[in-house]
Asker: 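This is the structure, below, for whatever I ask next.
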Amino acid sequence: MEDRLGQKQGPQVFPSITLSHLSSSAPSSSAASAFFSDDRSGCSRLRFHQPCSPVPVFDLDLQKIQIFKLGLLELLCVTNETGDDDPEEKYFSRVFKIGFNTKDETKAFHLAFEQWKLGVVVAKTGGPLENGSLTTPKSKFDNKIDATSAKMYFHYYGQLLHQQNMLQDYVRTGTYYAAVIENRIDFSGRIVLDVGAGSGILSLFAAQAGAKHVYAVEASEMAEYARRLIAGNPSLGQRITVIKGKIEEVDLPEKADILISEPMGTLLVNERMLETYVIARDRFLIPDGKMFPSLGRIHMAPFSDEYLYVEIANKALFWQQHNYYGVDLTSLYGSAFQGYFSQPVVDAFDPRLLISQPIVHTLDFTCMKEEDLYEIDIPLNFVSSVGTRVHGLACWFDVLFNGSSVQRWLTTAPGAPTTHWYQLRCVLAQPIYVMAGQEITGRFHLVSHNAQSYTIYLTLSAKTWGAGADQGGILQTFSCKLDLKEPYYRLSQPLPYVLQQDQQSNTELMQSQELSPQIQDGTGPSLAIIPSQISEASEQQHKHGSCSGS
């Protein structure tokens, strides 16, 4: 790398760090050293070496790395790599946690990373910077979010039909309206900031509640529609100012007494807008100011749903054909099976499919750090209420509007009135078997990536009994990796709940009927799975997929 004066900079070594490879199935920490240097082609790289090994255990291109602060002594390193199918598509595929002994070492490493990263950018723009020249600064949003993802995201929310979809979610809109109007004391005569204002509906609610002035910040083209909607309500609109821009970049003439926003995505955290909400708090909210909402909770519980499992497995059977117009498709079956089970399922389901009381992970928006959302690690522990096959983990969320007069919850729970968020389920490619009263343990690990979403790493374990089950049983464990950015939107009505004693008759019924959806190409044969094929599909998935069981 060359510095601003064009002088070549030598390698830079950090000899004593702790490295944890978080994207592995069994992450563990080990001593290592970090090494910044140029390769023979002049590209800057970050290499991690283990003690006494001349060969780097990881060799990373600095153009494909981002660094985030986790704490005073920890940094998060994520690699941004291209997909095999589409070179233009980028996603985070490896995540490392780097530990240091002192705060000074952490700062020095972060500074070195920025300097070497700058060298990469300079090289791409035609040579080193001249002394005294300036670069165009990027905002915090631009540094952590892929530009293509951001463009699509703001394009989506810049369209009225998508705003209409959210406005017509009467659970969502009605709960916000009630939370604001019932807590006029929090809004009356106050300065309000609407974070990601969209159509401006929440700003109008705040004005109805007597806000002194509302700043509605919206980064998409929806800002122009918001101006028109607000102008069409002049009695309220005279106290609302629409600002087009990102929260990370705009400036306000005064601090806000209260923030209002709808930053929730699927599983609460999808789209990574909660980080923007926290940044708005840090930049613009007065000390002890209020936030609507102020707290979010992710609820999780294991579920049993044979219909859903068979439906997903059924999709991959298209690739089981040995003679599809004279072509054998079976070499791709394992990858297809893996792909379908790497999609979280978004739909509404019957709460009686849950086999345990849920556990709760709480996010307090009023005091949490932005970095707390980069990686979310939740230990799982349940006790099964029935003997059954566990097909995965069901998740939903709720948020609290902690008003001075009334507390209101907005929930997306199964059994409650359905919202446009629905619920989310992570389905295991290999179910596990449990008895009533049996403990189920595991880990639900979310790692953010620059496509404004998360990679989900799920592990569920239970003990089984039988021959060879020494020392308390044989542990069944299954782990899988899912992309929250690419869910399967099932969005069907919940199927009738099936009592356990009816499972056998339903299995016989499924053997004689085709299950939806069928995989068809319009000319080739349609395929339907039968339960006897499930174990074969699971075994083949073990051989080909990123999900692994033991």
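Predicted, not measured: the structure shown is a model, and the values here were computed from it.
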Asker: Under the ring-ring contact (aromatic ring centres under 6.0 Å, His included) test, which residues partner Phe284, sequence neighbours left out?
Answerer: none
Asker: For residues 227-237, please give each side-chain donor-acceptor pair under 3.5 Å, one per line with the distance, not counting sequence neighbours.
Answerer:
| from | atom 1 | to | atom 2 | distance (Å) |
| --- | --- | --- | --- | --- |
| Arg227 | NH1 | Glu224 | OE1 | 3.4 |
| Asn233 | ND2 | Leu229 | O | 2.8 |

Asker: Would a line drawn from the ring center of Phe205 to the ring center of Phe187 be shorter than 6.0 Å?
Answerer: no
Asker: Between Thr276 and Glu248, is the side chain to side chain donor-acceptor pair (under 3.5 Å) condition met? List the steps.
Answerer: CA-CA 7 Å; Thr276 297; Glu248 295 84 353; 3.0 Å; yes
Asker: How far apart are the C-alpha atoms of Tyr177 and Tyr170, what are their side-chain angles, what is the distance that settles it, and do they pass the ring pair (Phe, Tyr, Trp, His ring centres under 6.0 Å) test?
Answerer: CA-CA 10 Å; Tyr177 180 77; Tyr170 298 114; over 10 Å; no
Asker: Test of understanding: with side-chain contact (heavy atoms from CB on, under 4.5 Å), list the residues that count as partners of Ser461, not counting sequence neighbours.
Answerer: Thr441, Thr459, Leu475, Thr477
Asker: Kindly write out the residues that satisfy salt bridge (charged side-chain N to carboxylate O under 4.0 Å, His left out) with Asp377, not counting sequence neighbours, or none if the list is empty.
Answerer: Arg443
Asker: Give, for atom CD1 of Ile376 and atom CD1 of Ile378, the distance between the pair rounded to the nearest 0.5 Å.
Answerer: 6.5 Å
Asker: Taking only residues two or more places apart in sequence or in another chain, which ones pass salt bridge (charged side-chain N to carboxylate O under 4.0 Å, His left out) with Glu105?
Answerer: none
Asker: For Phe444, enumerate each residue passing the ring-ring contact (aromatic ring centres under 6.0 Å, His included) test, keeping only those at least two apart in sequence or located in another chain.
Answerer: none
Asker: At what distance, to the nearest 0.5 angstrom, does SG of Cys395 lie from CE of Met300?
Answerer: 6.5 Å
Asker: His213 vs Tyr215, test: ring pair (Phe, Tyr, Trp, His ring centres under 6.0 Å). Steps then yes/no.
Answerer: CA-CA 7 Å; His213 201 84; Tyr215 296 98; 4.9 Å; yes
Asker: Here's one to test your reading of the geometry: is the NZ or CZ of Lys315 within 45 degrees of the ring axis of Tyr488 and under 6.0 Å from its centre?
Answerer: yes
Asker: Suppose we screen for salt bridge (charged side-chain N to carboxylate O under 4.0 Å, His left out). Which residues come up paired with Asp257, at least two apart in sequence or across chains?
Answerer: none
Asker: In chain order, what residues pass the side-chain contact (heavy atoms from CB on, under 4.5 Å) check against Ala280, with sequence neighbours excluded?
Answerer: Leu193, Val195, Ile247, Leu259
Asker: What class does the angle between the rings of Phe341 and Tyr309 fall in, given that below 30° is parallel, 30 to 60° is tilted and above 60° is perpendicular?
Answerer: tilted
Asker: Identify the heavy atoms of Leu428 and Gly392 that sit nearest to each other, and give their distance.
Answerer: CG-CA, 4.0 Å
Asker: For the side chain of Ser304 and the backbone of Arg389, is there at least one donor-acceptor N/O pair under 3.5 Å apart?
Answerer: yes
Asker: Which atoms form the tightest heavy-atom contact between Ala216 and Ala197, and what is the distance?
Answerer: CB-CB, 3.7 Å
Asker: Verify side chain to side chain donor-acceptor pair (under 3.5 Å) between Ser404 and Asn183, making sure each step is shown before the conclusion.
Answerer: CA-CA 6 Å; Ser404 298; Asn183 289 287; 5.7 Å; no
Asker: Show the numbers, then the answer: is there a side-chain contact (heavy atoms from CB on, under 4.5 Å) between Thr455 and Leu482?
Answerer: CA-CA 6 Å; Thr455 301; Leu482 307 99; over 6 Å; no
Asker: Please confirm whether Arg425 makes a cation-pi placement over Trp396, using NZ or CZ under 6.0 Å from the six-membered ring centre and within 45° of the ring normal.
Answerer: no
Asker: Taking all atoms of both residues into account, what is the closest heavy-atom pair of Glu275 and Tyr454, and its distance?
Answerer: OE2-OH, 3.8 Å
Asker: If I take atom NE2 from residue His299 and atom CG from residue Leu267, how far apart are they, to the nearest 0.5 angstrom?
Answerer: 11.5 Å
Asker: Which value, rounded to the nearest 0.5 Å, describes the distance between Ser448 atom OG and Leu373 atom CG?
Answerer: 8.5 Å
Asker: Test side-chain contact (heavy atoms from CB on, under 4.5 Å) on Tyr422 and Phe349 and set out the steps.
Answerer: CA-CA 9 Å; Tyr422 295 88; Phe349 64 87; over 6 Å; no
Asker: Could I get the full list of salt bridge (charged side-chain N to carboxylate O under 4.0 Å, His left out) partners for Glu262, not counting sequence neighbours?
Answerer: Arg172
Asker: Please name the pair of heavy atoms, one in Phe303 and one in Ala394, separated by the smallest distance, quoted to 0.1 Å.
Answerer: CD2-N, 3.6 Å
Asker: Got a second to check how far Thr266's OG1 is from Glu271's CD, nearest 0.5 Å?
Answerer: 6.5 Å
Asker: Just how far is it from atom CD of Gln159 to atom CD of Glu221, taken to the nearest 0.5 Å?
Answerer: 11.0 Å
Asker: Only counting residues at least two apart or in another chain, list the ones meeting ring-ring contact (aromatic ring centres under 6.0 Å, His included) with His361.
Answerer: none
Asker: Using a 3.5 Å cut-off and no angle test, enumerate the donor-acceptor pairs between side-chain atoms of residues 286-295 and protein atoms at least two apart in sequence or in another chain.
Answerer:
| from | atom 1 | to | atom 2 | distance (Å) |
| --- | --- | --- | --- | --- |
| Lys290 | NZ | Asn402 | O | 3.1 |
| Ser294 | OG | Leu400 | O | 3.3 |

Asker: Where do Leu424 and Leu484 land on the side-chain contact (heavy atoms from CB on, under 4.5 Å) test, with the steps shown first?
Answerer: CA-CA 10 Å; Leu424 181 135; Leu484 185 56; 3.5 Å; yes
Asker: Determine whether the aromatic ring centres of residues Phe109 and Phe100 are separated by less than 6.0 angstrom.
Answerer: yes
Asker: Give every residue pair that meets the salt bridge (Lys or Arg N to Asp or Glu O under 4.0 Å) criterion with at least one member in residues 356-365, sequence neighbours excluded.
Answerer: none
